Amino acid sequence: MKYIETQTLPSLGHAEVRIIAHTPEAARAVAEAPRRCFAGTEQRSYPGLEGDTRLHLTVDTATPASPARSWPASSTTSVGTGAHSDEI
């Protein structure tokens, strides 16, 4: 599926990471890699249009990650975060 990205760029020193997988477990497993390397915001997950899982996180590329947190501790959603403008 091809789409045009309409979202604004993240602030300087940050990157948006978007993962699309068949299962939530697969998306979380892939998200572990950037979370171990970079500090970041809470990850957000959404159901996809075809039953897939979309997981998004914002990482701070200038700050190394703190000691690893467990999945339950890192999966809570911050107030004010939600679907991005390019998501249904």
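A quick note: this is a predicted structure, and the numbers were derived from the prediction, not measured.
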Problem - Set of residues satisfying side-chain hydrogen bond (donor to acceptor under 3.5 Å, both in side chains) with respect to Asp52, sequence neighbours excluded - result: none
Problem - CD1-CD distance between Ile20 and Glu50, expressed to the nearest 0.5 angstrom - result: 9.5 Å
Practice task
Please tell me if the side chains of Arg35 and Leu57 come closer than 4.5 Å, counting only heavy atoms from C-beta onward.
Solution key: yes
Fill in the blank from the handout: Between Ala31 and Pro34, the two heavy atoms sitting closest are O-CD, 3.3 Å
Exercise for the section: Apply the test side-chain contact (heavy atoms from CB on, under 4.5 Å) to residues His22 and Thr53: give CA-CA distance (whole Å), side-chain angles for both, the deciding distance (0.1 Å), then the verdict. Expected result: CA-CA 6 Å; His22 282 286; Thr53 295; over 6 Å; no
Exercise for the section: Just jot down the side-chain hydrogen bond (donor to acceptor under 3.5 Å, both in side chains) partners of Thr61, sequence neighbours excluded, or say none. Expected result: none
Problem - pair Leu55-Arg18: side-chain heavy atoms closer than 4.5 Å - result: no
Practice task
Write down the atom of Ala15, the atom of Pro10, and the distance for their closest heavy-atom approach.
Solution key: CA-CG, 4.0 Å
Fill in the blank from the handout: So CG of Leu9 and CD of Glu16: to nearest 0.5 Å the spacing works out to 10.0 Å
Exercise for the section: Looking only at non-hydrogen atoms, find the nearest pair between Ala21 and Ala26 and report the distance. Expected result: CB-CB, 3.9 Å
Exercise for the section: Drop me the distance from His14's NE2 to Thr58's OG1, to the nearest 0.5 angstrom. Expected result: 7.5 Å
